[in-house]
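Right, one structure below, let's go through it.
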Amino acid sequence: MESVIIDISLEILILTFAVAFLTWVLQNVWRQRREGDINEHGPVRGCRVFTMITVLSNVIFSIAYLAFGLYEYWNHRIITIKSVFLFMTWVLATLVAVLSKNRTLSGNKRWPLILILWWVFSFIVDSVSLTIYTITHLKSIDFRSPFPEPNIVDFASFPFAILLCFNAFPTRCTRKHSDIVEPLLQKENESSLGDDGAFTNPGIWSQLTFQWLNPIFKRGRVQKLELPHIPPIPQSETAEYASFSLEESLRKASSLPKAIACAIWKPLFMNAALAGVNTIASYTGPLLITNFVNFLLGNEDDSGTHYGLILALIFFFAKTVESLTQRQWYFGAQQIGIQLRAALMVLIYKKSISTKYVGLSNSKIINLINVDAERIGDFCWHIHGVWLLPVQVILALIILYRNLGAAPSFAALFATLLVMVCNTPLVKMQKRLHSKIMEAKDSRIKVTVETLKCMRILKLHSWEPSFLKKLLHLRETERIWLKKYLYSCSAVAFLFWASPTFVSVVTFGVCIVLKTPLTAGTVLSALATFRILQEPIYNLPELISMIAQTKVSVERIQDFIGEEDQKKLIHDHTSNALNIAIEIDTGEYAWETSEEKLRRPTIKILEKMKIMKGYKVAVCGPVGSGKSSLLSSILGEIPRISGGGITVYGRKAYVPQTAWIQTGTIRENVLFGKEMNKAYYEDVLEACALNQDIKIWQDRDLSVVGERGMNLSGGQKQRIQLARAVYSDADVYFLDDPFSAVDAHTGTYLFKKCLMHLLSQKTVIYATHQVEFLDASDLVLVMKAGRIVQSGRYEDLMADSNGELVRQMAAHRKSLNQVNLLQDDNTLTTRPHEINEIEVAEKNFEGPINNGKLKARTEEEEETETGRVKWSVYSTFVTSAYKGALVPVTLLCQVLFQGLQMGSNYWIAWATEVEGRVSRKHMIGIFILMSGGSSIFVLGRAVLLSTIAVETAQRLFCGMITSVFRAPISFFDSTPSSRILSRSSTDQSTVDTDIPYRLAGLAFALIQLLSIIILMSQVSWLVFVLFLAIIAISMWYQDYYITTARELARMVGIRKAPILHHFSESVSGAATIHCFNQEERFVTRILSLIDDYSRITFHNSATMEWLCVRINFLFNLVFFLVLIILVSLARSAIDPSLAGLAATYGLNLNVLQAWVIWNLCNVENKMISVERILQFTNIPSEAPLVIEDHRPKPEWPTNGKIELESLHVQYNPALPMVLKGITCTFPGEKKIGVVGRTGSGKSTLIQALFRVVEPSGGRILIDGVDICKIGLQDLRSRLGIIPQDPTLFQGTVRSNLDPLQQHSDQEIWEVIRKCRLAEIVKQDQRLLDAPDTATDNLIQETIREETKGCTVITVAHRIPTVIDNELVLVLDEGNIVEYDSPAQLLKDKSSSFSKLVAEFLRRSSKSDCHRDIS
């Protein structure tokens, strides 16, 4: 009676909903006719997919109830009122959904309330009916439910009911603004996604399905994603919050591991819970597969259709829970990893710049953040494997014990442990080989870094072919280790795929011996269990290795941040009342602080000293005397090993000898974090002689300086960092030889305008070799062998005829006399011309920077490909090795492996289906034979794949590195070395060990998926149709996903580079950052860069989970529908063993399809590395090294006569001409000096001689040979060059003097003696100081002696360098102004050269007149 009442009540409610729907439809139609069809907003693409699925679900319900009604009528010749009402109501609901679809898509309204109520009502009724039915049938409870018994439609449509019910929950698809159209232009640095695209308090449904990512996919679909389009990360993942949390934990904990655990234990615990639920859900399938196969065989007590439907529903529920928890588990692990990585990076950075370390290595810091911090972050992904592995093994043993008994279970355990033991030595070997690969890679990268840094020198000396051979030799060593490593990977892969086969053979063998009963259900359940055990067996050695590596990384970072500071920061002291700027106590300072070297201090101060405010203190001394080290010890950069300290009162500014320039604009380098004071800024630029350069540059002071200031000359770099110091308005200035890189005029100008004018009231300590600047100082410190041997006023020191300063002045007088020989005394009275009109530059080949080619800020970003990776990239990669001949053979091995594996599984299931069908011996024999055959093919596949991988990687590397070495110098000027290095290291590593396996894994997974589809289609042709539909939807999802994911993957690599660059730059300029107290600003910058990187990695990993959630659900749904079909079909219509096998393989369907999709997307993301390598494989190259038809004679050039005929040179067709039709002749065996102002074309002329820049017109003849018609190697190997910037290779003095190893030791020592370096080389190989006057005299004397009979072209700063040349060429704006002997040019007092010499003599004689040395 109760059931009848409930039936009638339900029918009335259904009819009520039908009437309500009909009313809504009529009202809606009437309203539209009256008001017109108003579409308030365009559709929100992020919601379109879910909306369309909702409408489609209503359609499915309508069709299902129509089909069920027809089925009832066909079989029973009855039509129930309930079926009619349900069909009619679902049709009307579908109509309402269609009509309200556009309004919902517009994003500002939800579904109609009546529709939501109907969906919730249907879900509740279905849930109650199915729950009561499931409980009563599983537990065999005698209970008569008042609810109607569910039919097949209720079972099959339940997942859709769940989906529709979620519409009752609020979603985040709605718009937060009512703009009818979006602005066409967004602010550059403003994310236009607002909060909609951010991971900020998403609802449960949004979090489970990653729906909060929809706005990003929407934007990525219509335009290229850029950083401003990506929403910010959650606060817990920001670098500032994460680092603060870790630092707090570190203060409480005694070690870094404990601090990490304390900082992340909460999210880690939640992640562990998800991992546990996922593991339990994954073992539900193997546990119940026995029941399902027995049901198909009719062996169950209750083998009715409803029992099968309940099992199908449980399978579906378990797979859904498994999929959702797995996605949340993986994403949660990524979140924790991002948080931990950011915190460690900040911790390392703060440590590296907040304290001063002895021997702080740039590469060590880079390794800590690039390798160790990344590894610790990645370990969050693997950490749960530590406790999950035993849980998985225990669950597997429980299932096996339930199905097969104790003995086979222990046999399976023994086989599993045996496979693990066999895997362990292989993994140890892999680890050893991987270490060898890394050592070989480190050696190669070290040489690559050095080569790129010195590429200009290599090309000018024509050494690049030899260095290329050296690099290829190092790569060959790396390739040998790589080959061994990849073949060991083949063995591991073989064990991975063969382990289920081995374990199953052992287990079933024991069953045969012990005569344990085997049924199709127990066999298939065991096979499913073995397949799940495959993963932890494979992962155990990797997990152990990962734990060991992570432990090492944690210890490395622990040691780094826990080191006692050799020298704490010396903070600024407030000024005292005694007007003292610096107090120096006695003490010893040493760069090296190890015990054995403590007896040799770098600086030894024997007397206390006080430097008063406003003093100008000059520090002088010969090369290696300790001038720079004295400044460093005052700044606190050298550890004090004994004695008292040094106190500096007030704010400090520092100009190092080796210029440190940041990547950024000229203005940013000068301001260095201070606010703009326009008037003072202009004064500083003028005082530092930068206005002339800024006017030439295209974007003036907003022009971008390249990496390490590579597109600036030495003088420009020095003046920019001098301007940085002056603009800081400090109290005490430390200038380390600031005038050595500039010409005579500029040096005098800087001394007057900066030191004596803008800094007139400041305390300045300046180290210098230019003795002409000593007389203006208040105090002179004379250095020798690390000690201050003289100190006092200039006049007093010069009065000591036996003093060190007098000896240095003697060398200066010798240099001055060379000029006086050609200059009359009355020249001194000549009024010097306007400063900076002429600049004499030493040989400097910075390229066209003096001609307006510094780039604007907008051009700084690295160019990347856009859109899908082109098929040509794939085809090039696949056919690189053996023209692709091995690829089809490898795929055939996979097909045969898959076929034999499935065949063996079917055989044993079929053989055990009926007792006694075949003999047990025959059954296990065939099973072993087929399983062994499959293992052989998988081994062949693995070996072939490794062979292809090694050859492909080698060919791509050789193509890229050869192309880079043949690139013109302009390529290296415009391309930061980090871009070449990233391709040579990170991208090449990806090609070496990752991409071949990703690509092959995709192909293998597709073959496996296709074989499962074919297997399941044998049950019913409907399954094939279902798969076609699901695959089509999956491909659409993948296509929708990849446009966004591809750009995010590209941005990951791009956003990592600035972090590494900032780290490297900060460590290189640590002394400057300390001195200017800019640590806080630099930390803020690194926080921003890390957050940018985290934003990309966070959303990149989330997009993958977004896709997997959707594809998993689709394939779980197919699996569920396949089970429904198997349950519904008549027993006689199916082969139970085949059906059971289909169900068993179906358990892994969601994992396999996720693997396919993941590989499909990852392959494209990883192929970006190949794309990047191929970008540098097609660089336009220089002219050929050798042209066989135009080779000069072996003895060429014999005379050295150089003829320039109407020479025109420009760097780019779009840029102005630099040399404008120069015509002149340099006689053979003569010495020619070249002078001229900045931008006059001096460097360009030298570059044209070496064909660094090809002439645009005219020609250059050397001994009658047109140099443009011969090969570059023939040209450059016959010319010699001494560049301005000294370039040393890492290694011995011998390897620097003879990189090609062409000379004997005797010849090397002869050269060393001629350069006056013999004694110094024996004492110390570190020659860091610029040459002083005495050294310069020796160098010039050596050049004169050793170049007799040669044509010498000299571009120099020092007047004595060119004054004794036979000819002097003066250039201005690309034209010849003067060209004659120095004597003739000096006769004309108005000539440019005369004015230059006059200025040099005026400033030199000023210091010389205090004492007549002679």
Side-chain angles (χ1 to χ4, degrees), residues 188-191 225-247 334-335 337-354 362 365-374 376-377 557 660-665 668-669 671-673 704-708 857-858 860-862 864 976-979 981-982 986 1047-1070 1072-1073 1078-1101:
E188 184 179 354
N189 294 319
E190 184 180 324
S191 175
L225 282 180
E226 295 176 358
L227 184 64
H229 300 146
I230 311 301
I233 51 175
Q235 187 185 6
S236 60
E237 272 78 59
T238 59
E240 185 175 12
Y241 179 88
S243 61
F244 174 78
S245 176
L246 184 59
E247 286 169 7
Q334 287 279 13
Q335 279 186 275
I338 289 169
Q339 176 186 346
L340 194 53
R341 189 185 304 119
L344 290 171
M345 282 182 176
V346 176
L347 200 65
I348 294 165
Y349 185 82
K350 284 183 176 179
K351 186 70 176 179
S352 65
I353 70 164
S354 64
N362 203 328
I365 301 290
I366 296 301
N367 280 334
L368 285 175
I369 62 163
N370 207 22
V371 177
D372 297 305
E374 288 283 348
I376 295 170
I557 295 177
W660 179 72
I661 303 294
Q662 276 189 283
T663 303
T665 64
E668 288 169 351
N669 271 280
L671 297 182
F672 203 55
V704 174
V705 177
E707 184 181 17
R708 304 184 311 274
R857 164 67 76 182
T858 53
E860 191 182 359
E861 295 288 346
E862 179 179 353
T864 59
S977 61
S978 58
R979 294 183 191 172
L981 282 174
S982 66
T986 308
E1047 299 307 324
L1048 286 172
R1050 284 189 173 120
M1051 278 195 280
V1052 167
I1054 293 172
R1055 288 295 151 193
K1056 184 68 178 288
I1059 297 175
L1060 300 178
H1061 179 73
H1062 189 71
F1063 261 89
S1064 178
E1065 200 170 58
S1066 299
V1067 172
S1068 301
T1072 305
I1073 296 169
Q1078 291 289 310
E1079 292 91 347
E1080 186 176 345
R1081 183 170 70 89
F1082 275 73
V1083 168
T1084 303
R1085 175 64 179 156
I1086 200 67
L1087 291 175
S1088 173
L1089 291 172
I1090 292 172
D1091 281 346
D1092 287 346
Y1093 176 62
S1094 297
R1095 279 163 73 182
I1096 304 300
T1097 52
F1098 177 85
H1099 288 91
N1100 188 41
S1101 60

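Positions are given from 1 along the sequence.
- Panel note: side chain Trp660, backbone Glu1065; a donor-acceptor pair is recorded below 3.5 Å.
- Nearest heavy atoms, Leu1048 versus His1099: CD1-O, 3.9 Å.
- Considering all non-hydrogen atoms of both residues, Ile1059 and Leu1089 come closest at CD1-O, 3.8 Å.
- Under the ring pair (Phe, Tyr, Trp, His ring centres under 6.0 Å) criterion, Phe1082 pairs with Phe672, His1062, sequence neighbours left out.
- Listed for the Ser245 side chain is no donor-acceptor partner under 3.5 Å among the backbone atoms of Ala242.
- Note that OG of Ser1066 and CD of Gln662 are 7.5 Å apart. Values are rounded to the nearest 0.5 Å.
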task: Given side-chain contact (heavy atoms from CB on, under 4.5 Å), test Glu1079 with Ile1073 step by step and report yes or no.
output: CA-CA 6 Å; Glu1079 292 91 347; Ile1073 296 169; 4.2 Å; yes
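- Between the Asp1091 side chain and the Thr238 main chain, no donor and acceptor come within less than 3.5 Å of each other.
- For the atom pair CD1 of Ile376 and CG of Leu344, the computed distance is 5.0 Å after rounding to the nearest 0.5 Å.
- The backbone N or O of Ile230 sits less than 3.5 Å from a side-chain atom of Arg1095, completing a donor-acceptor pair.
- For the side chain to side chain contact (heavy atoms under 4.5 Å, CB included) test, residues two or more places apart in sequence or in another chain that qualify with Ala342 are Ala239, Ile1090, Ser1094.
- When all heavy atoms of Tyr1093 and Val1052 are compared, the pair lying nearest together is CE1-O, 3.7 Å.
- Among all heavy-atom pairs drawn from Leu246 and Leu347, the shortest one is CD2-CD2, 4.1 Å.
- For the pair Phe1098/Gln335, a side-chain contact is recorded, criterion being any heavy-atom separation below 4.5 Å from C-beta on.
- Using a 4.5 Å heavy-atom cutoff, the side chains of Arg1085 and Arg1081 are not in contact.
- For the atom pair CE (Met1051) and CG (Asp1092), the distance works out to 10.5 Å, reported to the nearest 0.5 Å.
- The side-chain hydrogen bond (donor to acceptor under 3.5 Å, both in side chains) check on Glu247 picks up Lys350, with sequence neighbours excluded.
- In this structure, Ser1101 and Thr1097 have side chains that are not in contact, with every pair of non-hydrogen atoms separated by 4.5 Å or more.
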